[in-house]
There are 2 protein chains.
Amino acid sequence: MLELRHLRTLAALHETGSVSHAAKRVHLTQSALSHQIKVLQSHYGLPIIQRRGQSIELTDAGKRLVALADKVLQEIQATERDLAKISQQPSGSLRIVLECHTCFDWLMPLMDEFRQHWPDVELDLVSGFHSDPVKLLEEGGADVVIGSEHKRRRGIVHHPLFRFEILAVLAPEHPLRGKRILHAADFAGETLITYPVPEDRIDLILNVLKPSGINPQRRTAELTVAILQLVASRRGVAALPSWGLKNYVDHDYVIARRIGANGLWSDLYASTLKETASRPYLLDFLVTARNTCFATLDGIVPLE
Amino acid sequence: MLELRHLRTLAALHETGSVSHAAKRVHLTQSALSHQIKVLQSHYGLPIIQRRGQSIELTDAGKRLVALADKVLQEIQATERDLAKISQQPSGSLRIVLECHTCFDWLMPLMDEFRQHWPDVELDLVSGFHSDPVKLLEEGGADVVIGSEHKRRRGIVHHPLFRFEILAVLAPEHPLRGKRILHAADFAGETLITYPVPEDRIDLILNVLKPSGINPQRRTAELTVAILQLVASRRGVAALPSWGLKNYVDHDYVIARRIGANGLWSDLYASTLKETASRPYLLDFLVTARNTCFATLDGIVPLE
DNA sequence: CATATCTATGAATGTTATTCATTAGTTCTT
DNA sequence: AAGAACTAATGAATAACATTCATAGATATG
C-alpha cells in the first residue's frame, strides 16, 4: 500500500534524476530506494522509472505520482506549521547572517515565502561584515548563520544544508579555455575577481592557491552579476558556485571549468544556538530551505 | 514520522468517533490504533484526541490532521484512478442492480460522482424486480448487485460494504411508544408498511416475524418518504435502516425503536463476477461507496 | 453492583523496510 | 580495448517497528 515514504522518495527521484542521489537526499541507501520502487511498480502494475543509460527517467505514471507527492508533501508541511502554531506562540525572531554572498540568489525568494508562513516572526538579514559570525549568535545579535563553518563549538548546532561545487569562471575566449580542468598553477598571473571579503573566506585561495604558494592579484565586486560582467570583459577570472552559472554558461556569456581533479566543493550549514534549534519556525525554515534549494539549484548534493 | 496509515486512522477516527470502531474500519485492532495515536501525540507534542467518557473527541490538532487526511486521501484516490487509466482502457460497463430500496439515498450521489471520474464507463441502474439478481451477473445482464446476499457461489465475489441496523418506525403517538425495544409479538395486529417486494426479501418478516409465527397485514409503498408518511399518519408501522431515519426522528415526525435485544441487523454486499472484480473502475466504485457511506451514514458498522 | 463496552499499556510477536554484499550495465578515460 | 568509476538491481540477512495479545482501568447501562 502506498505510504508517504514512497512519495518522499518519488519527490527526491524527481529532484535528482538518479536513484543513488535520491537515496542520499532521503537518508537511505540506494538499495532501499530500489526496493521501494520495485514494490510500487508491482503494486500498480506499471513502470515508474525507466533506465536511460547512466541515469533514470520517470515514466508517465512516475510523473503522475511525483505530482501527487509535491502536493501532498506541501500540504503536510502546511499542516505541521499549523500544529506548531497551536502548540506554542508562533513569534520570535529570525535574524540571518549570510556568509555566502551568492546565496542571496535562493535566500531572497525563501524569505518572502517564510514571511507569509510566519507573519509574527521578525525576519531580518544582518548586514555588514563579521569576523566571527557564529559569535553573533552567542551575543544575541543574530539567530542563524548561513556559511560553511561547521567546527564543533559548545552550545552551537550546525544544520547541514547542502554541498555545492565551485567552478572557475572564464571569458569564452580566455587562453585557458582549452583545459577541461584547471589547477592552482593556472591561476598564476591571473586577476582573481571576488566578493569584498578577506582571503580566508575564499575557498579557492584558502584550499587551492595558498597551499601551492600562488598569490594572484585580486579585484572585488559586490554583486554576482558584476563579477560575471568583469569576467566576461576579460578583466580576470572568478570562482563561483556552479548553480548560479548555468544561465550564463548556456548563453556563452562565460565558460566554467572544474578546479582540481575532484573539483572544489564547499559545504553549507545553517548554524544556530542549541536552544534556537528546536523552535518550530526555525525547523520549518531549514526544511523549506533544503526543499527549495534541492528543487531549484542544479548540481547540489545532500550533506551527511 | 507521519505516514499515510496515520492519516487513514485519523479519518476513521473522525468518521466513527471511537477508537475501536475506527479500528474495525481500517482492519486493525483497537490496540494498534491506540499505539498509533500515542506515537502521533508524542511526535507533535500535542494531544490529538481527548477521552470524553464513553467515546472520544478530536482536539484542534486532531481536527487539523483530519482536514489534512481528507484532502490527501482524496488526492491519492484521484491519482490512483489516473494510474488505472494509464494502465488500461478505462472503458466498460457498470450496470447496478439494487436489492435494497433505501440504498437509493446514497447511491444516487455516488453515481453522479462516479460518472465524473469515469466518463467512458457505461453506468446504469438495472430496474425491475429480479428473483435471482446474482444470476443476472452470470447472464451478463448486470455488473454489480447491491444486496445482502453473500452465500458462496462459484465465479462470484461478494465485496462487503457495511452492516446497518433496521429499526422499527412508529408514529409518535403509537401505543408501543413506551417500549424501548420491540419484539415479534408487538407486531401482531399491526399493519406492516414495506416496499413492494416478496416477503423473503424483508428481513423483519424473514428473521423475526416468520420464526415467531406472526403474520401482520401488509401494505406497500414505492418510496421511503411515502412509507414514512403512512407511518406518521398511523396507517401502520415499518422497518427501515437507521441511517435514513435520523432527520425524521429528530423532527419528531416518527419515532424509531430497536427490534429485539441485540437489534435487527443487515449486511450489505456488492456482488460481482470474479472477472469483473479486478476492473479498476469497479474497485474505485467500491472504495468510494464505502468512503461516502461511512462518512455520511450514521450508525453503520464495518463488515468482516 | 454486576455487566458490557470502551481505552490505555507493556510485552511478545510478526511483518516488512532497510542494509549488506554482490552482480551487471553504462560512461569516460588512458 | 580495457580499466576505472559510475550507475541500478537483486537475494539474503538484519534491524526496525507496527501490530497483536493479554490485561487493567474507566465509564456507562440496567
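Bear in mind the structure is a predicted one, so any value in this text is a computation, not a measurement. Here is the naming used below: chain letters follow the sequence lines, and residue numbers restart at 1 for every chain.
Residue B:S18 is in sugar-phosphate contact alone, with no base atom involved, counting any heavy-atom pair closer than 4.0 Å across all strands shown. Among the atoms of the strands shown, base atoms are found under 4.0 Å from some heavy atom of B:S34. Within the 4.0 angstrom heavy-atom criterion, only backbone atoms of the sugar-phosphate kind lie near B:H21; the bases stay farther away.
Scanning both residues, A:I181 and A:H183, for their nearest heavy atoms gives CG2-CE1, 3.7 Å.
Electrostatic pairing of A:E3 and A:R8 does not count as a salt bridge here, judged by no charged N lying under 4.0 Å from a carboxylate O. The residues B:E57 and B:R51 are annotated as not salt-bridged, no charged nitrogen and carboxylate oxygen being separated by less than 4.0 angstrom. A salt bridge is absent between A:R64 and B:E80; no separation between the charged side-chain nitrogens and carboxylate oxygens falls under 4.0 Å.
Checked by atom type, the side-chain pair B:H35/B:Q30 shows no donor-acceptor distance below 3.5 Å. Side-chain contact, A:Q50 with A:T59: no donor N or O sits under 3.5 Å from an acceptor N or O.
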Verdict with supporting geometry, A:E165 and A:S266, side chain to side chain donor-acceptor pair (under 3.5 Å) | CA-CA 6 Å; A:E165 183 169 6; A:S266 180; over 6 Å; no
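You can see that DNA chain C meets the heavy atoms of chain A within a 4.0 Å-exclusive cut from C:dA17 to C:dT29, reading 5' to 3'.
Rounding to whole angstrom units, CD1 of residue B:I37 and C1' of D:dT19 are separated by 14 Å. Counting to the nearest Å, the P atom of D:dC17 and the CG atom of B:L40 are 15 Å from each other. When the P atom of D:dA8 is taken as reference, atom CD1 of A:I48 falls 16 Å away, rounded to whole Å.
Under the 30°/60° scheme for interplanar angles, the aromatic rings of A:F162 and A:F294 are found to stand perpendicular.
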Quick one, give me the B/S/- string for nucleotides 20-30 of chain D, reading 5' to 3', where B means a protein heavy atom under 4.0 Å from the base and S means that only happens at the primed atoms, P, OP1 or OP2.
-> BB-----SS-S
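When each of B:H6 and A:S20 is assigned the nucleotide of DNA chain D with its nearest heavy atom, A:S20 is the one assigned upstream, toward the 5' end.
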